[in-house]
Amino acid sequence: AQSVTQLDSHVSVSEGTPVLLRCNYSSSYSPSLFWYVQHPNKGLQLLLKYTSAATLVKGINGFEAEFKKSETSFHLTKPSAHMSDAAEYFCVVSEIQGRGSTLGRLYFGRGTQLTVWP
Amino acid sequence: KAGVTQTPRYLIKTRGQQVTLSCSPISGHRSVSWYQQTPGQGLQFLFEYFSETQRNKGNFPGRFSGRQFSNSRSEMNVSTLELGDSALYLCASSRLGGTEAFFGQGTRLTVV
């Protein structure tokens with residue numbers, strides 16, 4: 001069974017300081033992992049994804065995440081926060097079962113609300 | 001290329017009524033999934049459709065149903081609405097063999 005735990009429900013940083021959003025996962029398969037961002041009253045936008053290639057994944061807007069199998073973690077980082085990064089972030093695991101399959105069910109963490117102070 | 005389109009964006013319904021939400025996937029995407037987002041439960045999987053067939057179903061009562069048409073557009077229906085059905089309903093599309101889901105803006109349903 002798949003599950004995701006986001007270790008912080010709220011993170012506050014000052015503009016220009018690093019961001020770390022933590023995520024641990026549990027998966028019966030070799031997982032595909034994602035980070036999505038949701039701005040108020042908007043849908044979900046994909047930041048980055050890990051699908052068994054390089055363990056350090058670079059995404060949009062300067063975000064990156066590192067897949068650590070031994071720690072079952074997929075933490076999201078950004079060197080320098082910007083005011084526009086304030087949003088809710090979701091760590092997601094998927095049960096893709098092979099090439100030619102549908103994406104299947106996505107398992108979402110409970111989200112981390114990122115606040116960026118000027 | 002147009003994104004995932006959900007209509008309507010906002011709905012207000014009365015308890016006991018039924019509602020139908022619509023989702024048009026990205027052109028070429030044949031898989032459509034639905035999720036319910038509430039402050040209390042977070043994002044929960046409702047169902048996944050591919051080629052007009054339901055492939056997966058989440059743990060929701062039978063009042064929640066869906067279907068997919070031959071053009072890949074999907075609808076979900078909720079009958080006998082309850083106050084607890086108030087939520088943001090998100091639709092996502094993906095292509096067969098794809099490795100990411102693309103989400104629409106959602107339909108905000110309020111049950112009064």
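Here the structure is a predicted model, which is why all the values come from computation and not from measurement. Numbered from 1 within each chain, the chains take letters A, B, ... in sequence-line order.
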Most contacts with chain A, counted as non-hydrogen pairs under 4.5 angstrom, among B:Gln44, B:Arg108, B:Arg95, B:Gln41: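 If we count pairs closer than 4.5 Å to chain A, B:Gln41 comes out on top.
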Contact winner vs chain A - B:Gln37, B:Arg9, B:Arg55, heavy-atom pairs under 4.5 Å: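 Most heavy-atom pairs under 4.5 Å with chain A: B:Gln37.
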Plane angle bin for A:Phe108 and A:Tyr36 - parallel if under 30°, tilted between 30 and 60°, otherwise perpendicular: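 Aromatic pair A:Tyr36/A:Phe108 classed tilted.
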Which bit of [X] comes within less than 4.5 Å of chain B, counting heavy atoms only: side chain, backbone, both or neither?
X	result
A:Lys49	side chain
A:Leu44	both
A:Gln45	neither

Using non-hydrogen atoms and a 4.5 Å limit, figure out which bit of [X] sits close to chain A: side chain, backbone, both or neither.
X	value
B:Tyr35	side chain
B:Gln105	both
B:Leu90	side chain

Verdict with reasoning, B:Asn77 to B:Ser79, per side-chain contact (heavy atoms from CB on, under 4.5 Å): CA-CA 6 Å; B:Asn77 184 78; B:Ser79 63; 4.2 Å; yes
Ring-ring centroid check A:Tyr89 A:Phe63, cutoff 6.0 Å: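 Yes, the ring centres sit under 6.0 Å apart.
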Ring centroid separation A:Phe67 to A:Tyr25 under 6.0 Å: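 Aromatic pair counts; centres sit under 6.0 Å.
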Side-chain donor-acceptor contact under 3.5 Å, A:Ser73 with A:Arg22: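 No, no side-chain donor-acceptor pair sits under 3.5 Å.
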Within 6.0 Å of CZ in B:Arg15, more than 12 heavy atoms from elsewhere: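 Count not over threshold, so no.
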